Amino acid sequence: IIKNARRGGIAAALGAGLSVGMHSLVDDLQRDREAASGRGVRASHLATWSKFHHRALGEDTEDPDRTPVLPLTLDRVVPVAALFKAGDYRSYANYLSTLKSFHLDYGHPWTEHLEHVGRWATRSVLRGIGPARQSQPIPLPLVMALPTQLDPYVEKGPTHPREAYLLGAIFL
């Protein structure tokens with residue numbers, strides 16, 4: 001929902017507290033703490049971490065008596081990080097950040113020791129995996145030197161291929 005608000009005001013804020021109630025305002029604040037597009041990412045990070053957590057502990061993911069993921073502890077973070085390293089995850093820091101957020105939201109302290117282990121585990125997971133795959137750029141001047149034509153250059157390619165590339169280069 002976009003409100004297109006021009007300027008905040010004390011009267012509007014205090015009036016909202018009286019008209020809809022503080023509980024409703026706090027619920028709205030909590031709901032908007034992240035973009036809707038980020039909720040799926042957080043859920044995905046938690047699901048992957050949970051799978052790795054239970055595998056690291058040798059547990060069946062369907063066992064109702066399995067060890068809870070939270071609170072995070074040193075003896076749980078390290079083996080989970082080892083699985084991320086084995087899977088060549090470049091985004092381990094994002095997973096750890098998400099789990100740290102859940103950990104704090106549930107009232108568990110994020111200790112200096114957890115911070116320390118998180119830093120070295122992140123460095124270790126990323127060490128030696130090389131640079132991210134880069135696609136070879138297509139030089140725009142060479143594409144623009146191609147003749148204009150209606151037919152695609154390749155089978156099932158776009159019509160007007162030179163212009164299609166130009167539009168993609170400008171707008172995508």
Side-chain angles (χ1 to χ4, degrees), residues 1-137 168 171-172:
I1 298 172
I2 306 296
K3 294 192 278 187
N4 292 321
R6 299 219 182 262
R7 188 172 184 178
I10 294 173
L14 296 176
L18 292 174
S19 66
V20 297
M22 283 306 299
H23 184 69
S24 176
L25 293 177
V26 170
D27 287 346
D28 188 41
L29 178 72
Q30 296 260 359
R31 185 175 43 259
D32 285 345
R33 73 184 263 178
E34 63 190 2
S37 59
R39 291 187 194 116
V41 173
R42 276 177 53 97
S44 175
H45 284 177
L46 179 61
T48 301
W49 187 284
S50 297
K51 286 177 189 173
F52 286 10
H53 166 87
H54 296 302
R55 173 59 55 94
L57 297 177
E59 298 175 339
D60 179 9
T61 57
E62 302 302 318
D63 181 6
D65 295 326
R66 64 189 185 269
T67 307
V69 172
L70 299 173
L72 296 176
T73 61
L74 303 174
D75 60 333
R76 296 180 194 165
V77 170
V78 172
V80 169
L83 288 172
F84 276 95
K85 184 175 180 81
D88 294 330
Y89 275 76
R90 293 182 186 281
S91 56
Y92 172 74
N94 295 341
Y95 286 85
L96 182 61
S97 176
T98 298
L99 267 291
K100 176 182 177 181
S101 176
F102 280 113
H103 179 87
L104 292 169
D105 285 347
Y106 283 92
H108 305 296
W110 190 254
T111 65
E112 189 174 339
H113 204 180
L114 278 169
E115 186 68 30
H116 170 71
V117 169
R119 276 195 306 270
W120 73 252
T122 300
R123 286 192 307 268
S124 179
V125 168
L126 298 177
R127 189 165 288 119
I129 61 174
R133 185 182 74 82
Q134 299 282 322
S135 296
Q136 182 68 30
F171 295 107
L172 299 177

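Just so you know, these numbers come straight off a predicted model, no measurement behind them.
- A distance-only check finds no donor-acceptor pair linking the side chain of Ser101 to the backbone of Ser97 [under 3.5 Å].
- Checked against ring pair (Phe, Tyr, Trp, His ring centres under 6.0 Å), Tyr95 has the following partners two or more places apart in sequence or in another chain: His45, Phe84, Tyr89.
- Atom OH of Tyr92 is separated from atom OG1 of Thr48 by 13.0 Å, given to the nearest 0.5 angstrom.
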Report all side-chain donor-acceptor pairs from residues 117-134 shorter than 3.5 Å, counting only partners two or more places apart or in another chain.
| unit_1 | atom_1 | unit_2 | atom_2 | d |
| --- | --- | --- | --- | --- |
| Thr122 | OG1 | Gly118 | O | 2.7 |

With a cut-off of 3.5 Å and sequence neighbours excluded, list every side-chain donor-acceptor pair involving residues 65-76.
| unit_1 | atom_1 | unit_2 | atom_2 | d |
| --- | --- | --- | --- | --- |
| Arg66 | NE | His54 | NE2 | 3.1 |
| Arg66 | NE | Thr61 | O | 3.4 |
| Arg66 | NH1 | Thr61 | O | 3.0 |
| Arg66 | NH1 | Asp63 | O | 2.9 |
| Thr67 | OG1 | Glu59 | OE2 | 2.4 |
| Thr73 | OG1 | Asp75 | OD1 | 2.5 |
| Arg76 | NH1 | Pro68 | O | 3.1 |
| Arg76 | NH1 | Pro71 | O | 3.0 |

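- Just one residue in the list Thr98, Leu96, Leu83 forms a side chain to side chain contact (heavy atoms under 4.5 Å, CB included) with Trp49, and that residue is Leu96.
- The neighbour count for Arg55 CZ, taken as heavy atoms of other residues, nucleotides or ligands under 6.0 Å away, does not exceed 12.
- Ser44 places no side-chain N or O within donor-acceptor distance of the main-chain N or O of Gly40, the cut-off being under 3.5 Å.
- Qualifying side chain to side chain contact (heavy atoms under 4.5 Å, CB included) partners for Glu112, counting only residues two or more places apart in sequence or in other chains: none.
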Show me the donor-acceptor pairs within less than 3.5 Å that the side chains of residues 2-24 make with the rest of the protein, sequence neighbours left out.
| unit_1 | atom_1 | unit_2 | atom_2 | d |
| --- | --- | --- | --- | --- |
| Ser19 | OG | Gly15 | O | 3.2 |
| Ser19 | OG | Ala16 | O | 3.4 |
| His23 | NE2 | Asp27 | OD2 | 3.4 |

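- Contact check for His103 versus Leu114: side-chain heavy atoms found under the 4.5 Å cut-off.
- For residues 95-106, the salt bridge (charged side-chain N to carboxylate O under 4.0 Å, His left out) pairs, not counting sequence neighbours, are Arg33-Asp105, Arg42-Asp105, Lys100-Glu115.
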